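Reading through the structure tokens given below for one structure.
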Number of protein chains: 2
Amino acid sequence: MERQGEQAKTSRGEQTRALILETALDLFKENGYEETTMRAIAQRAGVALGNAYYYFRSKEHLIQAFYGRTHQELAGAARSILEREHGLRDRWLGVMYANLDLIEPYHRFAGILFATAADPQSPLNPFSPESEEARRESTAIYAEVIDGAKLRIPRDLKQELPFLLWLYHMGVVLFWIHDSSPGRTRTRHMVDRTVAILSNLIALASKPFMRPLRKAILKLMAELREDVPGEAYS
Amino acid sequence: MERQGEQAKTSRGEQTRALILETALDLFKENGYEETTMRAIAQRAGVALGNAYYYFRSKEHLIQAFYGRTHQELAGAARSILEREHGLRDRWLGVMYANLDLIEPYHRFAGILFATAADPQSPLNPFSPESEEARRESTAIYAEVIDGAKLRIPRDLKQELPFLLWLYHMGVVLFWIHDSSPGRTRTRHMVDRTVAILSNLIALASKPFMRPLRKAILKLMAELREDVPGEAYS
DNA sequence: GTCTATAACCGGATAGAC
DNA sequence: GTCTATCCGGTTATAGAC
């Protein structure tokens with residue numbers, strides 16, 4: 001019944017880890033973040049409290065794991081969308097909607113989720129070194145959104161766009177968190193409108209006669225941008 | 001030596017309250033928010049733990065009080081700036097700088113501060129009903145920034161601008177929190193540039209020929225905007 | 001209404017045994 | 001890798017003094 005072959009490797013541990021994470025997310029969905037105790041998570045998962053802490057250094061790290069899982073799922077969803085769609089606007093909108101669908105079940109505790117993420121000291125912060133991988137993967141999705149689109153975009157802009165779309169993505173999530181409309185229709189409406197406008201704006205900014213203004217804005221951005229994956233966070 | 005006339009009223013209590021708040025902020029500055037215990041605050045203030053909780057229902061409420069104090073101080077600083085300056089850009093920039101000066105000493109623990117504030121459930125959230133007064137006062141400052149400027153702005157835009165400037169203010173604070181440059185020079189640079197650009201944009205948006213676009217954007221905003229001081233937060 | 005003192009509760013986090 | 005015991009600090013409760 002059981003095998004412990006060398007391919008299984010960390011399998012046993014991974015299973016426990018996954019069990020704890022899923023249990024935690026279920027409880028978060030049911031009762032919210034603050035209301036869910038680590039003891040309750042451990043109990044329902046059928047493990048000891050200390051064991052939960054063996055896999056997740058803190059309650060916040062459960063959130064980080066949730067981030068990671070969501071990224072994986074979004075990347076998967078994005079793949080099929082990006083195979084199908086070829087216009088910038090539709091590719092972009094598709095990814096945004098996929099993300100909103102993905103996180104909707106967690107809207108209830110997403111506030112706390114984002115709150116802890118807002119602290120620059122926190123490893124959960126989207127700008128932190130710990131988040132670099134997630135940030136890089138996320139940005140990669142948006143690079144693919146752009147690269148696959150039938151649209152000629154100058155190199156300087158094209159280089160910055162994935163980061164900008166990722167920032168936009170963050171802004172949408174922030175809006176979504178504060179959106180109490182049923183089904184988050186308000187956020188979807190906002191995304192519809194802004195993606196359309198911004199897609200046009202990108203096309204416009206790509207015109208040759210826009211070059212000077214484009215250069216000026218990109219220069220300002222470069223000045224302002226912290227070297228995100230760098231020394232800034234000691 | 002002591003009088004307890006009717007004018008003194010809550011004076012005794014107010015003094016204790018202020019003492020506790022100042023002590024807490026000192027400790028936050030010195031050691032950060034998480035590292036500062038309520039017991040330590042009470043001890044250094046020379047009051048009993050229970051007394052601290054008599055004046056502040058929770059540790060978070062100390063932050064809310066800090067917000068309030070900062071608002072007061074900003075309003076005071078703004079008054080003298082707005083008496084002096086008459087161009088939109090200089091009035092606006094003056095207020096932004098005054099605010100940055102005011103909060104600089106607290107940069108260290110501002111992250112946590114903003115983090116707890118980011119949770120929609122939290123009373124600290126700038127959009128929450130509990131924050132309505134602070135939000136209203138803050139918005140009033142920006143209304144004054146606009147009203148006193150020598151610039152003709154159409155009514156529809158003028159009505160929305162204070163809220164928009166307040167949103168911008170929030171965005172600046174968010175940027176500031178993540179700014180690890182010495183003296184927050186990066187934030188100041190960003191503010192310099194963006195206030196200049198946005199001031200021009202406001203002037204541009206006020207031109208008669210911009211009316212249709214302006215109307216369209218204001219309409220979208222109205223659709224998106226939650227009735228902030230409303231039922232949304234039950 | 002303001003304040004002290006003290007004990008207790010609860011839950012996040014850690015230590016160390018198995 | 002898993003468990004039990006323990007610590008620590010936010011918070012609450014109580015009972016009483018000015």
Side-chain angles (χ1 to χ4, degrees), chain A residues 2 4 8-21 23-24 27-28 30-66 109 112-113 115-116 119 121-124, chain B residues 1-21 23-25 27-28 30-66 109 112-113 115-116 119 121-124:
Chain A
E2 287 201 312
Q4 19 158 306
K9 254 207 310 195
T10 46
S11 165
R12 190 65 134 285
E14 286 305 314
Q15 242 171 288
T16 309
R17 184 191 173 80
L19 171 65
I20 293 169
L21 177 58
T23 308
L27 283 168
F28 290 164
E30 285 173 33
N31 310 318
Y33 181 77
E34 305 276 5
E35 292 68 26
T36 303
T37 69
M38 289 296 282
R39 285 166 175 87
I41 295 168
Q43 188 175 18
R44 191 190 283 189
V47 301
L49 175 61
N51 200 10
Y53 277 99
Y54 176 81
Y55 286 103
F56 300 94
R57 294 172 55 169
S58 75
K59 202 176 168 186
E60 283 195 2
H61 279 77
L62 285 165
I63 295 176
Q64 197 168 37
F66 167 69
F109 81 95
I112 297 276
L113 186 151
T116 54
D119 176 13
Q121 314 293 312
S122 166
L124 287 188
Chain B
M1 291 264 159
E2 285 204 310
R3 65 188 163 91
Q4 17 155 319
E6 45 284 318
Q7 14 267 97
K9 256 207 310 198
T10 45
S11 166
R12 188 69 134 286
E14 287 304 314
Q15 244 171 285
T16 308
R17 184 192 173 80
L19 172 66
I20 293 169
L21 178 58
T23 308
L25 293 180
L27 283 169
F28 290 165
E30 286 172 32
N31 310 318
Y33 180 77
E34 305 276 359
E35 292 68 25
T36 303
T37 69
M38 288 297 281
R39 287 167 175 87
I41 295 168
Q43 188 173 18
R44 192 192 281 190
V47 301
L49 177 61
N51 200 13
Y53 276 99
Y54 178 79
Y55 286 104
F56 300 94
R57 294 171 57 169
S58 76
K59 202 177 170 186
E60 281 197 3
H61 279 77
L62 285 165
I63 294 177
Q64 198 167 35
F66 166 69
F109 79 94
I112 298 275
L113 184 152
T116 55
D119 175 14
Q121 313 294 313
S122 166
L124 285 187

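Order of the sequence lines sets the chain letters (A, B, ...), proteins ahead of strands, with each chain counted from 1. Note that the structure is predicted; figures quoted are calculated from it, not measured.
Contact check, A:T16 against D:dT2: a side-chain N or O comes under 4.0 Å of OP1 or OP2. Distances shown here put every side-chain N or O of A:N51 at or beyond 4.0 Å from the OP1 or OP2 atom of D:dG1.
The distance from atom CD1 of B:I63 to atom C1' of D:dG10 is 13 Å, rounded to the nearest whole Å. One can place CD of B:E14 at 8 Å from P of C:dT2, the figure rounded to the nearest angstrom. Distance CD1 (B:I41) to P (D:dG10): 8 Å, rounded to an integer number of Å. Atom P of nucleotide C:dC10 and atom CD of A:E35 are separated by 16 Å, given to the nearest angstrom. When rounded to the nearest whole Å, the span between CG of A:L62 and C1' of C:dG12 equals 12 Å. Spacing between atom CG of A:L19 and atom C1' of D:dG1 amounts to 14 Å, rounded to whole angstrom units. Spacing between atom OH of A:Y54 and atom C1' of C:dG16 amounts to 15 Å, rounded to whole angstrom units.
The distance from atom CG of B:L25 to atom CZ of B:F28, rounded to the nearest 0.5 Å, is 6.5 Å. Note that the CD1 atom of B:I63 and the CG atom of B:L21 stand 11.0 Å from one another [nearest 0.5 Å].
A:L19 and A:A45 get closest at one heavy-atom pair: CD2-O, 3.4 Å. Of all heavy-atom pairs between A:Y33 and A:F109, the closest is N-CB, 3.9 Å.
Not counting sequence neighbours, the partners of A:E30 by the side-chain contact (heavy atoms from CB on, under 4.5 Å) test are A:D26, A:L27, A:R44.
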With 3.5 Å as the limit, what N/O pairs link the protein to nucleotides 11-14 of chain D?
residue	atom	partner	partner atom	Å
D:dT11	OP2	B:Y53	OH	3.1
D:dT11	OP2	B:K59	N	2.9
D:dT11	O4	B:R39	NH2	3.2

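A:Y55 comes within contact range of the sugar-phosphate backbone alone, with a heavy-atom separation under 4.0 Å but no base atom that close.
Cation-pi geometry between A:R17 and A:F56 is met: under 6.0 angstrom from the ring centre, within 45 degrees of the axis.
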